[in-house]
Amino acid sequence: MIAFDEAKRSEAAARQALMQKQLSVLQEVLNTKRLEDSEQKAKDVASQRIASSIENFLITDELDHNKELSQFLVQQTKKLNTLSHDDLRMRNVLESLTQTQRNIDEQISALQGTLVLSKVINKQKQTLPTEKINNNLAKSISNVRVNLFEYSQQRDELYNIDDYVRNLTHNLEEPLTNEENSALNNILKERQKLLDEIIKSLNSQLNLSITIENNQRQALAIGDALQRKLQQQSFWVNSNNPIDFAWLKAFPALAFAEIGVLTDYVGIENAQPNLLSTVLFTSIFLLIALLINWKKSSIKDRLASLALRVNTLTNDSHWLTPEAMFWTVLLALPSTLMFFTAYNAIGFLFFNDPIAIGRWGVRVTLYWWFFATVLSLLRPNGLAFRHFGMPQESNRIFQRIIKQSIWIVGLLLVSSIPSQIDEIGYLNDAIGQVMSIIALALCLFVVRPLLNRAIREYQKAKKEEGATNTSISLFRLLRLILVIVPISLIILIILGYYYTAVYLITHLLNSYFVILLWVFGRYFAYRFVAISARRLAYRRLQDKRRKLREQVLENGTKEDETIKLSVVNQQIYRVTDLIGWVVLFVSLYVIWSDLISVAYYLDGVILWES
């Protein structure tokens, strides 16, 4: 039944495509005929200019003006032809989107509650019509209106040719002869025709532009609605069979079948043609890595020199930490480049589609560079300790957590690759489901205990500085999340909602990277504020010493001044903290905002009927 329905839809789509092609051919013939007529008028006007034997500057000027109008008419005809083509294209897109919307509604209604629906939804997401949108229509419409007003005025002036000729010739020293007067009248009558054609073309352009703009608006609205609907259905519809005893029994066969599909993408056909370019590409990046390693000792000496100046009264500066961060990022680059070159060498030599492999490799390389930089920041006597004052013991544990999470993140990234292949998809990705469950289990049983220990060490080290209730509450919330999230995602995968789990995992990974960036960004802000506060306190101390030389101050006055300065520092830290939290919440909202439209699906769910 489903195959028959698909064949029926394919037949309808083929008929629609044939009709669109016929309309496109007819429109092309019409555009060609219209352009030929305009070009012929331009040639006729040019021939009048050449054939004219009257040597009168007024006649010559009017002929030149007609020639300019004829050329303008040709230009407007070309623009009209382009708009006609765009109008036909947008009408076809709008019709395709409307038909797709009807098909999707019918398929969702017919296949609700079946695994086939997930496959159909993924296929429809890939085949949604996508066309280039003209974003300059508003400006184009404005220009057409201006031209229309200008040329309508010129045509109105020629409504009474005799009056126009009288106004044109009343300042002449010598009146026109009968021959010249007759020629001028013919020229003006020809101009009337040209202006009528120009105004007709401009009116057509205006109407088409407005129609295209409306069609684009409707197409965008329908396209966005379809994307939201498909996303909602993909999120809330189970994409796989539940993992039960029958699934576990069939897993070896499913895994071998999936491996067989994956091996089709591996081959040595590209080894010989890509060998030279791969060697050159690899050599360049390896040379850069070797150059950085050669200067590694000098860079470390520079970092040590910067660390010695941190938190000193006169030598500290706002630029020390950014410079130290630059050198730290640079030191993390050699391992990143080596990974990138090795990955690309394998991808370009032993895979059938090296471009797709290369795009994914760039993404993984950026993750590698990010983690390598974070590990460098957390190393003993690294920037986190020397510049930010983070406790050594908690840094050591956090560094161990990051090392463990690298493998988990890598496992989660690799697990979703088979799902992106059309022959496998989410429905048949048994290996990806198992890898995802293993990664989530590692997060629950390996990373979470380490994080609990790191948080305890951090709280213990910061207790003397006065850990706030807010910080303690946030740590408790983080611990709770690390328990609930992995368990929930594992349950989703087991129940057959693998696409939903992958979708949430992607958002969680993005949130993880944003939070890590935010943590170090906040320490950056704290350090900037601390340097400014220290300099302010130093200037205040210098002022006090200068005053003490002039007069003796009372003890109470000194304490009051110190309290006021500390209050100011606390207020600055609070404002900095507030801005930091706002930035974090805005960033997380940007990541998770697409789930708002997904949640609207629940609006249509009927819990009970009275």
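None of the values given here were measured: they were computed from a predicted structure. Residue indices begin at 1 and follow the sequence shown.
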Per-pair distances, 0.1 Å, donor-acceptor, side chain in residues 142-149, under 3.5 Å, sequence neighbours excluded:
{"residue": "Asn143", "atom": "ND2", "partner": "Lys139", "partner atom": "O", "Å": "3.3"}
{"residue": "Asn147", "atom": "ND2", "partner": "Asn143", "partner atom": "O", "Å": "3.4"}

4.5 Å side-chain heavy-atom contact, [X] and [Y]:
X      : Y      : result
Phe285 : Asn344 : no
Arg155 : Gln192 : no
Leu584 : Arg522 : no
Val362 : Phe340 : yes
Leu330 : Ile292 : yes
Tyr151 : Leu69  : yes

Just how far is it from atom [atom1] of [X] to atom [atom2] of [Y], taken to the nearest 0.5 Å?
X      : Y      : atom1 : atom2 : value
Met325 : Phe520 : CE    : CZ    : 7.0 Å
Thr341 : Leu287 : OG1   : CG    : 12.0 Å
Ile591 : Ile515 : CD1   : CD1   : 8.0 Å
His507 : Ile505 : NE2   : CD1   : 12.0 Å
Ser587 : Asn510 : OG    : CG    : 11.5 Å
Ser140 : Glu213 : OG    : CD    : 9.5 Å

Output yes when a side-chain donor or acceptor of [X] lies under 3.5 Å from a complementary backbone atom of [Y], and no otherwise.
X      : Y      : result
His85  : Asn81  : no
Asp87  : Leu83  : no
Trp518 : Val583 : no
Ser593 : Val590 : yes

So Phe370 and Leu516, side-chain contact (heavy atoms from CB on, under 4.5 Å) or not? Walk me through it. CA-CA 10 Å; Phe370 175 81; Leu516 278 179; 3.7 Å; yes

So Trp592 and Leu504, side-chain contact (heavy atoms from CB on, under 4.5 Å) or not? Walk me through it. CA-CA 9 Å; Trp592 292 89; Leu504 293 174; 4.0 Å; yes

N/O donor-acceptor pairs under 3.5 Å from side chains in residues 193-207, not counting sequence neighbours:
{"residue": "Asn203", "atom": "ND2", "partner": "Ile199", "partner atom": "O", "Å": "3.2"}
{"residue": "Ser204", "atom": "OG", "partner": "Lys200", "partner atom": "O", "Å": "3.0"}
{"residue": "Gln205", "atom": "NE2", "partner": "Gln76", "partner atom": "O", "Å": "3.2"}
{"residue": "Gln205", "atom": "NE2", "partner": "Gln76", "partner atom": "OE1", "Å": "2.8"}
{"residue": "Asn207", "atom": "ND2", "partner": "Asn203", "partner atom": "O", "Å": "3.2"}

For [X] versus [Y], what's the shortest heavy-atom pair and its separation?
X      : Y      : value
Leu413 : Ser416 : O-OG, 3.0 Å
Pro418 : Val414 : CD-O, 3.5 Å
Ser419 : Tyr498 : OG-CE2, 3.4 Å
Pro322 : Phe528 : CG-CZ, 4.1 Å
Ala219 : Leu94  : N-CD1, 3.8 Å

Does the side chain to side chain donor-acceptor pair (under 3.5 Å) test come out yes or no for Arg89 and Asn92, once each step is laid out? CA-CA 5 Å; Arg89 178 177 59 84; Asn92 290 338; over 6 Å; no

Can you list everything that forms a side chain to side chain contact (heavy atoms under 4.5 Å, CB included) with Glu323? Sequence neighbours excluded, please.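 Here the qualifying residues are Arg302, Leu306, Trp327.
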
With sequence neighbours excluded, tell me which residues meet side chain to side chain contact (heavy atoms under 4.5 Å, CB included) with Val575.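 Once residues adjacent in sequence are excluded, the partners of Val575 under the side chain to side chain contact (heavy atoms under 4.5 Å, CB included) criterion are Ile579.
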
Ignoring hydrogens and angles, state whether a donor on the side chain of Asp429 or Tyr499 is under 3.5 Å from an acceptor on the partner side chain.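 Checked: Asp429/Tyr499 side chains show no N/O donor-acceptor pair below 3.5 Å.
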
Residues forming a ring-ring contact (aromatic ring centres under 6.0 Å, His included) with Trp369, sequence neighbours excluded: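 For Trp369 there are no ring-ring contact (aromatic ring centres under 6.0 Å, His included) partners, ignoring immediate neighbours.
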
With sequence neighbours excluded, tell me which residues meet ring-ring contact (aromatic ring centres under 6.0 Å, His included) with Phe371.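 Phe371 satisfies ring-ring contact (aromatic ring centres under 6.0 Å, His included) with Phe513 once adjacent residues are dropped.
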
Given the rule in the side-chain contact (heavy atoms from CB on, under 4.5 Å) test, do Ile222 and Thr98 qualify, once you have shown the distances and angles that lead to the verdict? CA-CA 7 Å; Ile222 294 174; Thr98 306; 4.0 Å; yes

Begin with the C-alpha distance, continue with both residues' side-chain angles, and end with the deciding distance and a verdict on side-chain contact (heavy atoms from CB on, under 4.5 Å) for Thr576 and Trp581. CA-CA 9 Å; Thr576 305; Trp581 284 110; over 6 Å; no

How are the rings of Trp360 and Tyr343 set to each other: parallel, tilted or perpendicular (split at 30° and 60°)?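 Rings of Trp360 and Tyr343: tilted, as their planes differ by 30° to 60°.
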
